Protein chains: 2
Amino acid sequence: MQITRAGEYGVMGLMHLARRRPGQRTMIDEVSRQQRISKSFLAKIFQSLVKAGLVRSIRGAGGGFALAKNPAQIPVLEIIEAVEGRIVFHRCKMARPDCEHVGGCALCGLFERAQDGLKDALTRTTLADLIEQQEKIELTQPKGRLN
Amino acid sequence: MQITRAGEYGVMGLMHLARRRPGQRTMIDEVSRQQRISKSFLAKIFQSLVKAGLVRSIRGAGGGFALAKNPAQIPVLEIIEAVEGRIVFHRCKMARPDCEHVGGCALCGLFERAQDGLKDALTRTTLADLIEQQEKIELTQPKGRLN
DNA sequence: TTAATTCGGACCAAAAACGTCCGATATATA
DNA sequence: TATATATCGGACGTTTTTGGTCCGAATTAA
Ligand code: SF4
Ligand code: SF4
């Protein structure tokens, strides 16, 4: 019942990109060093982000990554699901295909409501929101090394 | 990012107990067979439930388990945390004690809000609610074998 | 005394999380 | 063209978590 590192790193990575001028490319290596995330691991995470259409990749020398959309258009949930896969919380049919309650189960309904509560917060906050909040924090507490 | 089987089985088990007359004892074996859950696994889960004070255990022949509280007094979250341990969702300091953002991180704040959203639904619904809902379902769809 | 039942913990297998590594591919530039 | 620099894609490996099993000990009713 936890967010994975991959998910968190993905968001952190995109936050890093979003602080650049729109369209400016940034290398994995820079993100990795500044956010203190293993480079190879982050590389893999970014590949999912590319496949999901959230970032654009430019290969070869002088290449790198750049955000593919406006940060205000990217709910954090979308980032997390891009790297972790769809969040399902409870898997009913998937896990217990033989369960006789499937189709009408109070527990199942509750789990769904719980999941919605979770996703709600992650959907309402966009990458842009996150950055705005972070900048506010760093203003009053000048110590952050995020970028 | 999922509820564990243990958590689900715990709730199912308590639902089963709650359908008995208050104080009536029920054996693991019955719960296990009727809910189609491995007996030994369920036994272990019930031990956590006992330790958490949610059910009372009576040992020896003719023993069993009985709810220790009024179902209306038991939020589902309490059941789940009794068997899975505290739900933390994001572990910040625990997982990255070296993270320089700890104390002021927008991401951390968001995760906390998300977690609250999740726990909210699980706290508002009690064991009693769950049973009431389930009975309503079984009324309109007479097929369930939940006791 | 015996049968029935929970308690407690050791143990195990499978899956998921968390990475590492490396060859292939693409591109800028000298 | 040759070379240095990046990402791409997937195979691989380690650790942790999940999902159980098993069994002897303790407790109790009959
Ligand atoms: S939540 Fe209900 S329907 Fe889903 S697997 Fe569990 S018992 Fe079956
Ligand atoms: S959420 Fe923020 S404070 Fe928590 S570990 Fe991640 S970066 Fe650090």
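Computed from heavy atoms alone, side chains included, the values below leave out hydrogens, waters and symmetry copies. Quick caveat, the model's predicted, so the values are computed rather than measured. In what follows, chains are A, B, ... by sequence order, proteins preceding strands, each numbered from 1.
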For [X] and [N], what is the distance between atoms [atom1] and [atom2] respectively, to the nearest whole Å?
X     : N      : atom1 : atom2 : answer
A/Q47 : C/dG19 : CD    : C1'   : 14 Å
B/E84 : D/dG19 : CD    : C1'   : 12 Å
B/L17 : C/dT6  : CG    : C1'   : 14 Å
B/I80 : D/dT18 : CD1   : C1'   : 16 Å
A/Q2  : D/dT16 : CD    : P     : 14 Å
B/L42 : C/dT6  : CG    : C1'   : 12 Å
A/I87 : C/dA17 : CD1   : P     : 11 Å
A/E8  : C/dA17 : CD    : C1'   : 14 Å

Task: Any residue meeting side-chain hydrogen bond (donor to acceptor under 3.5 Å, both in side chains) with A/E84, in chain and number order, not counting sequence neighbours - done: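 Checked A/E84 against side-chain hydrogen bond (donor to acceptor under 3.5 Å, both in side chains); matches are A/T4.
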
Please tabulate, for side-chain N and O atoms in residues 51-72 of chain B, each donor-acceptor pair with protein atoms closer than 3.5 Å (sequence neighbours left out).
{"unit_1": "B/K69", "atom_1": "NZ", "unit_2": "B/E78", "atom_2": "OE2", "d": "3.3"}
{"unit_1": "B/N70", "atom_1": "OD1", "unit_2": "B/A72", "atom_2": "N", "d": "2.8"}

Task: Common cluster, B/F89/A/V76, ILVMFWY with side-chain heavy-atom separation under 4.5 Å - done: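 Same cluster.
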
Open item on the list: What I want to check is whether the side chains of A/Q34 and A/H16 have a donor and an acceptor closer together than 3.5 Å.
Closed with: no

Atom pairs and distances, donor-acceptor, side-chain atoms in residues 112-131 of chain A, under 3.5 Å, two or more places apart:
{"unit_1": "A/K119", "atom_1": "NZ", "unit_2": "A/E81", "atom_2": "OE2", "d": "3.3"}
{"unit_1": "A/K119", "atom_1": "NZ", "unit_2": "A/I87", "atom_2": "O", "d": "2.9"}
{"unit_1": "A/D120", "atom_1": "OD2", "unit_2": "A/R124", "atom_2": "NH1", "d": "2.7"}
{"unit_1": "A/T123", "atom_1": "OG1", "unit_2": "A/K119", "atom_2": "O", "d": "2.6"}
{"unit_1": "A/T125", "atom_1": "OG1", "unit_2": "A/A121", "atom_2": "O", "d": "3.2"}
{"unit_1": "A/T126", "atom_1": "OG1", "unit_2": "A/A128", "atom_2": "N", "d": "3.3"}
{"unit_1": "A/T126", "atom_1": "OG1", "unit_2": "A/D129", "atom_2": "N", "d": "3.2"}
{"unit_1": "A/T126", "atom_1": "OG1", "unit_2": "A/D129", "atom_2": "OD2", "d": "3.2"}
{"unit_1": "A/D129", "atom_1": "OD2", "unit_2": "A/T126", "atom_2": "N", "d": "2.9"}

Open item on the list: So A/F65, base contact, sugar-phosphate only, or nothing? Heavy-atom distance under 4.0 Å.
Closed with: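 Counting heavy atoms under 4.0 Å across all strands, the contact made by A/F65 is with sugar-phosphate only.
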
TODO: For A/A6 and for B/S57, find the nucleotide of DNA chain C with the closest heavy atom, then tell me which residue's nucleotide is more 5'.
DONE: B/S57

Task: side chain to side chain contact (heavy atoms under 4.5 Å, CB included) against A/S38, all qualifying residues, sequence neighbours excluded - done: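 Per chain and number, A/S38 pairs via side chain to side chain contact (heavy atoms under 4.5 Å, CB included) with A/S40, A/F41.
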
TODO: Quick one: list whatever passes side chain to side chain contact (heavy atoms under 4.5 Å, CB included) with A/K39, sequence neighbours left out.
DONE: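 Listed in chain order: A/I28, A/D29, A/S32.
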
Task: Heavy-atom protein contacts under 4.0 Å, nucleotides 20-30 of chain D, coded B base, S sugar-phosphate only, - none - done: BB----BBBS-

Task: A/T4 side-chain N/O to C/dA16 phosphate OP1/OP2 under 4.0 Å - done: no

Open item on the list: I want to confirm an ordering. Mapping A/G63 and A/M1 to their closest nucleotides on DNA chain D, which one lands closer to the 5' end?
Closed with: A/G63

